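Data first, discussion second: the structure below is written as structure tokens.
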Amino acid sequence: MQNQIIADIFSRFADVLEFKGELGFKINAYRKAARVLSELDEDIEKIWKEKRLEQVPGIGRGLAEKIDAYLSTGQIPQFEKAMLNVPGDLFKLLSIQNYGPKTAALAYKELAVGTLEDLKSALDSGELAKLPGMGEKKVENIRKGLDLLQTSESRISIGLALPLVDGIVEFLKKDKNVKKITAAGSVRRFRETVHDVDILAAAENGAELIQKFSRMPEVSQVLGAGETKGSVVLQDRYQVDLRVVKPDSFGAAQQYFTGSKAHNVRLREIAKKQGYKINEYGIFKGDQKLGGGREEDIYSLLDMQWIPPELREDRGEIEAALSNRIPRLVEREDIRADLHIHSNYSDGHLTLVDMARTVASMGYSYMCFCDHSKAARYANGLDEKRLLKQIEEIKKLNEQLERFTILAGCEVDILPDGSLDFDDSILAQLDFVVASIHLAFKTDPTQRTLAAIHNRYVDVIGHPTGRLLSRREGFEIQMDAVIKAAAQTGTALEVNSYWDRLDLSDLNVKNAVNKDVKICINTDAHAREHLPMMALGVGTARRGWAGKKDVINTMTVEELKQWQKRNRA
DNA sequence: GCCGTTTTCGGCCCGACTGTTTTCAGTCG
């Protein structure tokens, strides 16, 4: 798929246009096309061959011609030409806070600032300060922006951002001035990684609260602090923004600051057509404020369903809400079991009984131990003998339990030749089987996964793409083929909730659910503290439009056993 | 650049904060 490559080209071209001072609308057109392309589930090359490019939203005649040029010759002449007179490091330079396209263009023209090193020299020598419109503070802010770029995390995993938000919310909640407070932005939408953390509060005295916020002990830098908006850096790494509004605007502000930007733009266009105006203070007709205290006010006045935050990405949710087709998404409370949990039989930290007790205390009605198989030597994987011993121990534990069931399963390795690490005669003795790739990532992961899907005992493919958000791309696996095969056999695909995995991703979930493939949301917990990450997996599944019926671990244990018969019979 | 039950031309979301201004431009979300 060349979709992402072309999306990146358009996105870079938008930067170039911005640097050259082109019209904002044109720049937006490129950015929108880049976003649509990167989220498209169909191969752009196929669409191109079938001459359907202009049917893709955001692609018109001009961009279709550029895609055509790229796919036939590997080049876009306009882009090559436009690249000639821009700084080599333009894309890095533009990512510096407080150093926008206008300033970058001026510094390039006057001082030939083309790289991060050039910029640092121009700052140190005082040359930058001599440019028109530059003052002492502006220069200082650019220096801060450059420092921040080099020290801060560019994107934080949702698994790290959520606890950060919770901590700040708890701290600010103690202020009597605060009427309401909540996460907003991409954290509320449960994006897998976030650029910064947004918090929204309702209070009468905004300036006072923002002062308190900017003086929190973890704050290492204050980027701004006004009456409604404060922005700080925590521990030199994480940017956190706080917005404060009056209580009667809280709902409108929640809508506004939850985004996404693309979602909001669409919503405001619709509002405008209907004669309304939306901003962070409310929804208005003329000078009259019609609502804003509750987020539902906005959507209902526009004659559409309220949209869960996880769907607000302009991926079809607005059309669905206008025609009453927003699905009832899976919720954390729907999850009856965690079906991929490790014990100290392999590389988990707890004994079977200790882990089972903890899982049971979380309100689940059953669970499954899935320890590693023997090929996973680094993880103390189980051979046949130890696996059978574990099955026996689980049987005995079940005899002592009421109203909670432990399933005996395994996370069996998919070997480089596509076979599984245990024979079918062993797998047949298990209650539940997750099959995963842990080694030889470059050895034909697609064919190996397909082979595992076709094994009658495999219930779920574990972390199907193998990605680690902070460390590595997934292996090169053809998800469309995997989804198609899973649809045929009824095999489920895992949403692994571990903060660094979130695998499947939201878009892959959406594609799978569209093809009626079942999802299994698991924590892959190796320790007690991993269990609450179920919320991250549920958030990811919701972003993929998954409903309760799409998720197998919302079933009762009896229903699950019935479901397994589709293959095993 | 895209797009069209107001339009094939003329629209294209809306506001806060900062700094350097003396009424506003640049940046950001």
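The chains referred to below are lettered A, B, ... by the order of the sequence lines, with proteins before strands, and numbering in each begins at 1. Please read all numbers here as calculations on a predicted model, not as lab measurements.
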Q: For A/A29 and for A/D241, find the nucleotide of DNA chain B with the closest heavy atom, then tell me which residue's nucleotide is more 5'.
A: A/A29
Q: Map A/H195 and A/E280 onto DNA chain B by nearest heavy atom, then report which one ends up closer to the 5' terminus.
A: A/E280
Q.
Both distances below 3.5 Å, Watson-Crick or wobble geometry, any strand: find the nucleotide opposite B/dT27.
A. B/dA16
**Q.** Distance, rounded to the nearest Å, where A/I142 contributes CD1 and B/dT18 contributes C1'
**A.** 12 Å
Q | Distance, rounded to the nearest Å, where A/L128 contributes CG and B/dT20 contributes P | A | 12 Å
Which listed nucleotide ([options]) is nearest to the side chain of [X]?
| X | options | result |
| --- | --- | --- |
| A/K277 | B/dA16, B/dG29, B/dC14 | B/dC14 |
| A/N279 | B/dC14, B/dT27, B/dG1 | B/dC14 |
| A/K272 | B/dC2, B/dG15, B/dC12 | B/dC12 |
| A/R243 | B/dT27, B/dG1, B/dA16 | B/dA16 |
| A/K229 | B/dG19, B/dG26, B/dA16 | B/dA16 |

Q: Using side-chain hydrogen bond (donor to acceptor under 3.5 Å, both in side chains) as the criterion, point out the one residue from A/D503, A/N496, A/N508 that pairs with A/T465.
A: A/D503
Q) Can a donor-acceptor pair under 3.5 Å be found between the side-chain atoms of A/Y256 and the base atoms of B/dG29? A) yes
(Q) Could you check whether any side-chain heavy atom of A/L111 comes within less than 4.5 Å of a side-chain heavy atom of A/L128, counting everything from C-beta outward? (A) yes
Q) Any side-chain heavy atom of A/L172 within less than 4.5 Å of one from A/L209? A) yes
Q) When A/F79 is tested against each of A/Y30, A/F13, A/Y70, A/F10 for ring-ring contact (aromatic ring centres under 6.0 Å, His included), which residue passes? A) A/F13
Q. Quick one: is A/T228 getting a side-chain N or O under 4.0 Å of the B/dC17 phosphate, OP1 or OP2?
A. yes
